[in-house]
Protein chains: 2
Amino acid sequence: MEPNRAALIGLDWGTSRLRAFLFDTRGVVLATNDRPWGVLSAPGGFAHAYHEIVGPWREAQPDLPALASGMIGSTEGWARAPYCACPAGPVELAAGVVTASTADGSVSVVPGVEQRGAAPDVMRGEETQIAGALALRSNLGACCTLVLPGTHSKWVDVRDGRIVTFTTYLTGELFAVLREHSILGRPARNAVHAGRGAAWDAFERGVHAAGESTARGIAPLLFRTRSLVLQGALQAEDSLDYLSGLLIGDEVRSASIAATTQLALIGEPALCERYCRALAMNGLDAPVIEAATPAGLWTIACRAGLVEAPTAHV
Amino acid sequence: MEPNRAALIGLDWGTSRLRAFLFDTRGVVLATNDRPWGVLSAPGGFAHAYHEIVGPWREAQPDLPALASGMIGSTEGWARAPYCACPAGPVELAAGVVTASTADGSVSVVPGVEQRGAAPDVMRGEETQIAGALALRSNLGACCTLVLPGTHSKWVDVRDGRIVTFTTYLTGELFAVLREHSILGRPARNAVHAGRGAAWDAFERGVHAAGESTARGIAPLLFRTRSLVLQGALQAEDSLDYLSGLLIGDEVRSASIAATTQLALIGEPALCERYCRALAMNGLDAPVIEAATPAGLWTIACRAGLVEAPTAHV
């Protein structure tokens, strides 16, 4: 195998964003393109967006295989890849890959994962990040809980390298709709100073309040974001950080993780910092795993036979 | 006192709606006007809206006193009426009434009620409904919990005719922002059949799920609204009723009312029906009290000396 020779196109194609990775024969990322062309916002359709983002790579090397993960495999996406049932790891995901023919060659799509029964749940995209995280940190594979903060946060229990159970929290989307559209967001929308950092005091007050409300849950706390501002006990410009603390604090409380659990975080650094702080306030510690998505695309592509897995060097 | 002679103008002036009542000397409502001229949407300002809605009544009888309750007394309203501290009943509310001079005579405004300390909370408008409900149902005054479903639902503990503690739940606004702006509302927004009734099965499934999730709270349940639809286990057009059940069910669970508590509901009939069902699923029964707002305006106006209280007929 020649290092630096391109071997695979990987796509992380979610609801609001499209990221493309060009891998060499060892799985090293040679180049990345990032566009706001999500499944709900791809200009000119999926084929056009795909052609635009990978065109130059395919011109140079027309036979490159491509593997995509995320909402692109949903019913609203380009090629439907039915959910894979839990427990699911790289072997099951590779077996569920669906390949579509396009004007720019074939594109393979990673399936999402679903949990049926008493706690129905679904994921698309996170399964690839998890496969990548476990490839990067082999010590976690035996038994851990991975936390993926985001629009729809996932808490995922892993055993023997496979996803066994998981829970989705609407935290990120809930925060966004309350910030943009509810009375709770109004004071801060009016007071916001662009570029200011997080008000960690307010955030931690929110986490603390959520932790104290154990039996009653978060329902009686949300409106407090407004009452505190009206009573002069919370600055308007800090109120969204208090709300963020309430929501993330309630998520951490609800997940009720044992102190002995091996934890790790996968996600945007700024969001992971919030989760790190909320976890620490609950006596929990979680390292952040970076670059999980390209590692996952590469791992699944190897398993699916789209590329030849490099032999380990000893 | 002459029956049918007008004696008082009452205004229920909230965020999105203005209702005016014309009372006779016994407190009977002679006429009502209802406009979508809330505090955030009054066309041409408050003075203009007031003139338009009560003009003909004041032309016929220019010396009519007027009493208003609701957000009109907030900092964003017409005349700021500072909050009254708990415990608060008609005596305290009447003592806190603020009177403003306007081009159309003076208008008195009922103060809101606030709770300070460990569980900060505020209300504006509900204190008047509560005064009315207790005037209409004297058996409740000694000890009860009043539930006022709405954008910001209130659960209010009453002792000896006064509000002693209360909790606000964001339930109504949360439902509205999730329906309009989140992924949970999307399937139903696309599938909605105008004029169809509530899908009570779906609603009750939501209430049941919220009740079962005791320790973990609602956080892990919200996304289930989507997972169930994706897995074909919930009809898209029923999904908002499931979500409504989750949110109202969590509110009822969180309030954790003892079976011996005397309960009553005050609010819109369609919303009260949802609460009645959720309460019944939790072994609780609550009659609905109607016309609490005009009864409260009348009660407070009598206490404040704006009108002469009619002597009781025995």
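Chain letters run A, B, ... following the sequence lines, proteins first and then strands; every chain starts at 1.
- Note that the OH atom of A:Y83 and the OG atom of B:S227 stand 7.5 Å from one another [nearest 0.5 Å].
- Using cut-offs of 30° and 60° for the angle between ring planes, the A:H181 and B:H181 rings count as parallel.
- Looking only at heavy-atom pairs under 4.5 Å with chain B, the residue among A:D250, A:V177, A:L184 that has the most is A:V177.
- For B:D121 against A:Q231, the heavy-atom pair with the smallest separation is O-NE2, 3.4 Å.
- When side chains are defined from C-beta on, A:T151 does not count as touching B:I183, because their heavy atoms never get closer than 4.5 Å.
- Taking each heavy atom of A:R224 and B:P120 in turn, the nearest pair found is CG-CG, 3.5 Å.
- Atom CD of B:E180 is surrounded by more than 12 heavy atoms from other residues, nucleotides or ligands within 6.0 Å.
- Ion pairing between a basic and an acidic side chain is recognised when a charged N comes within 4.0 Å of a carboxylate O; B:E173 and A:R226 show no such pairing.
- Residues A:V122 and B:F223 are in side-chain contact: their nearest non-hydrogen atoms beyond the backbone lie under 4.5 Å apart.
- With a 4.5 Å cut-off on non-hydrogen atoms, A:S256 does not touch chain B at all.
- Between B:R216 and A:S254, the closest heavy-atom pair is O-OG, 2.8 Å.
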Item checked: A:L178 vs B:L170, side-chain contact (heavy atoms from CB on, under 4.5 Å): CA-CA, chis, key distance, verdict -> CA-CA 10 Å; A:L178 290 173; B:L170 200 72; 3.8 Å; yes
